[in-house]
Amino acid sequence: MNVLYEDNHLIVVNKRAGEIVQGDKTGDEPLCETVKRYIKDAYAKPGNVFLGVVHRLDRPVSGCVVFARTSKALSRLNDMFRRGDVHKTYWAIVERRPSSQTPQAEGAYTTLTNWLVRNEQQNKSYAYDHEVPGSKRAELRYRVLTVGERYLLVEVQLLTGRHHQIRCQLAAVGLPIRGDLKYGARRSNPDGSISLMARSVDFEHPVSHEHIHVEAPLPDDTLWAKLSTPSDPSPILPKGRGF
């Protein structure tokens, strides 16, 4: 387990692709239990260890996950996420499709707005360009960081928090995420991951009120290394929801 930041009130870890944040029907050990065990061992905590889950990442996605170590931090972080005061920046490697209607050169942010319908049985969302029954409005903005021969590296900031939002909206405009067969990628990644990560998280500490910026390392992958820019551009973050 890779701890990116920790103090008495919270801990931020780098989730690996394939891990689940909370327990599910698979019975696999979730990341929250791994973190609890780490805290118990590192600080010789007697009894049960408190750990609050405030947000999640899809199983095939990697990157920053924030956990609360105290009930005070949990309550305040929940409020902060709900208000959109926690800002997460995502990076994704997407396929270059000739039919893509989106910019394929480095530049300013493009905003995407769709209405998403979630299919529970398929565990998949569908994007529409207008409101339909059962849909929820979804908005994000993205920009191209690097243009490769067959792929683009894009940076994404969520303005709403919907099921599979980044995966669904990018695929809807002809930019499926590398390895994401569910949303139209040509082939899977060897390790079963998709090339989407929560690259960084920015927020005001819920107790000390310091500014916290945490960045996850890039996956150990040749294409990530090839497409990644020498330095993170660190754009001005909009007020949006961090999911």
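Values below: every heavy atom of this structure, side chains too, minus hydrogens, waters and symmetry copies.
Contact check for Ile39 versus Glu6: no side-chain heavy atoms found under the 4.5 Å cut-off. In this structure, the side chains of Leu158 and Lys88 stay at 4.5 Å or more apart for every pair of heavy atoms. In this structure, Val53 and Phe67 have side chains that are in contact, with non-hydrogen atoms separated by less than 4.5 Å. Ile177 is listed as a side-chain neighbour of Ile166, based on a closest heavy-atom distance under 4.5 Å.
Residues Val49 and Leu31 share a hydrophobic cluster, clusters being chains of Ile/Leu/Val/Met/Phe/Trp/Tyr side chains in contact below 4.5 Å. Residues Val214 and Leu74 share a hydrophobic cluster, clusters being chains of Ile/Leu/Val/Met/Phe/Trp/Tyr side chains in contact below 4.5 Å. In terms of hydrophobic clustering, with Ile, Leu, Val, Met, Phe, Trp and Tyr side chains grouped at heavy-atom distances under 4.5 Å, Ile20 and Tyr38 are assigned to different clusters. Hydrophobic clustering of Ile, Leu, Val, Met, Phe, Trp and Tyr side chains at less than 4.5 Å, counting indirect connections, keeps Ile212 apart from Val207. In this structure, Leu57 is a member of the same hydrophobic cluster as Val3, with clusters built from ILVMFWY side-chain heavy atoms closer than 4.5 Å.
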- Task: Give the C-alpha distance, both sets of side-chain angles, the deciding distance and a yes or no for side chain to side chain contact (heavy atoms under 4.5 Å, CB included) between Leu4 and Glu215.
- Result: CA-CA 7 Å; Leu4 303 174; Glu215 184 175 282; over 6 Å; no
- Item | side chain to side chain contact (heavy atoms under 4.5 Å, CB included) between Val66 and Tyr5, intermediate numbers included | CA-CA 9 Å; Val66 182; Tyr5 174 89; over 6 Å; no
- Task: Evaluate the side chain to side chain contact (heavy atoms under 4.5 Å, CB included) criterion for residues Asp180 and Leu196: first the C-alpha distance (whole Å), next the side-chain angles of each, then the deciding distance (0.1 Å), finally the verdict.
- Result: CA-CA 9 Å; Asp180 197 358; Leu196 173 64; over 6 Å; no
- Evaluate the criterion side chain to side chain contact (heavy atoms under 4.5 Å, CB included) for residue pair Val144 and Val154; output intermediate values, then yes/no. CA-CA 4 Å; Val144 176; Val154 300; 4.1 Å; yes
- Run the numbers on Glu95 and Arg150 for salt bridge (charged side-chain N to carboxylate O under 4.0 Å, His left out), then give the verdict. CA-CA 6 Å; Glu95 296 182 4; Arg150 290 187 298 157; over 6 Å; no
- Message: Using the rule given for salt bridge (charged side-chain N to carboxylate O under 4.0 Å, His left out), can you reason through Arg178 versus Asp221, listing the C-alpha separation, both sets of side-chain angles and the distance that settles it, and then say yes or no?
- Response: CA-CA 12 Å; Arg178 175 179 174 244; Asp221 176 273; 3.6 Å; yes
- salt bridge (charged side-chain N to carboxylate O under 4.0 Å, His left out) assessment of Asp28 paired with Arg59: CA-CA 11 Å; Asp28 295 340; Arg59 186 164 195 157; 2.5 Å; yes
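One finds the CZ atom of Arg141 at 7.0 Å from the CG atom of Leu159 (value rounded to the nearest 0.5 Å). Separating the CG atom in Asp58 from the NZ atom in Lys182 is a distance of 9.5 Å, to the nearest 0.5 Å. Separation of atoms OG (Ser62) and NZ (Lys15) is listed at 7.0 Å; rounding is to 0.5 Å. With values rounded to the nearest 0.5 angstrom, Tyr109 atom OH is found 4.0 Å from Gln157 atom CD. With rounding to the nearest 0.5 angstrom, the OH atom of Tyr43 is 12.0 Å from the CG atom of Asp41. Taken to the nearest 0.5 Å, the CD1 atom of Ile93 stands 11.0 Å off from the NZ atom of Lys226.
Nearest heavy atom pair, residue Leu218 against residue Met197, reads CD2-SD, 3.6 Å. Nearest approach of Gly192 to Pro60, heavy atoms of both residues: O-CB, 4.0 Å. Closest approach of Lys40 to Pro46, counting heavy atoms only: NZ-C, 3.9 Å. The two atoms that bring Val86 and Phe203 nearest to each other are CG2-CB, 4.0 Å, heavy atoms only. In terms of heavy-atom proximity, Ser71 sits nearest to Phe50 at N-CE2, 3.5 Å. Scanning all heavy atoms of the two residues, the minimum distance from Cys32 to Leu51 falls at O-CD2, 3.3 Å.
In this structure a side-chain-to-backbone donor-acceptor pair under 3.5 Å is missing from Arg96 to Leu152. Formation of a donor-acceptor pair under 3.5 Å by the Ser228 side chain with backbone atoms of Trp224 is found in this model. Between the side chain of Thr89 and the backbone N or O of Ser200, no donor-acceptor pair lies under 3.5 Å. Under a 3.5 Å cut-off, the side chain of Asn189 and the backbone N or O of Asp191 do not form any donor-acceptor pair. The main-chain N or O of Asn114 is never found under 3.5 Å from a side-chain atom of Arg137 such that the two would form a donor-acceptor pair. Formation of a donor-acceptor pair under 3.5 Å by the Ser125 side chain with backbone atoms of His163 is found in this model. For the pair Lys136 (side chain) and Leu116 (backbone), a donor-acceptor distance under 3.5 Å is absent. A donor-acceptor pair under 3.5 Å links the side-chain atoms of Thr146 to the main chain of Leu227, judged by distance alone.
Taking the six-membered ring where tryptophan is involved, the planes of His213 and His211 are essentially parallel, since the angle between them stays under 30° and well short of 60°. Between Phe81 and His55, the two ring planes are parallel [angle under 30°; tilted spans 30° to 60°].
Note that Arg167 lies outside the cation-pi zone of Tyr183, set by a 6.0 Å cut-off to the ring centre and a 45° limit from the axis.
Environment of CG in Asp220: sparse, with no more than 12 heavy atoms of neighbouring residues, nucleotides or ligands closer than 6.0 Å.
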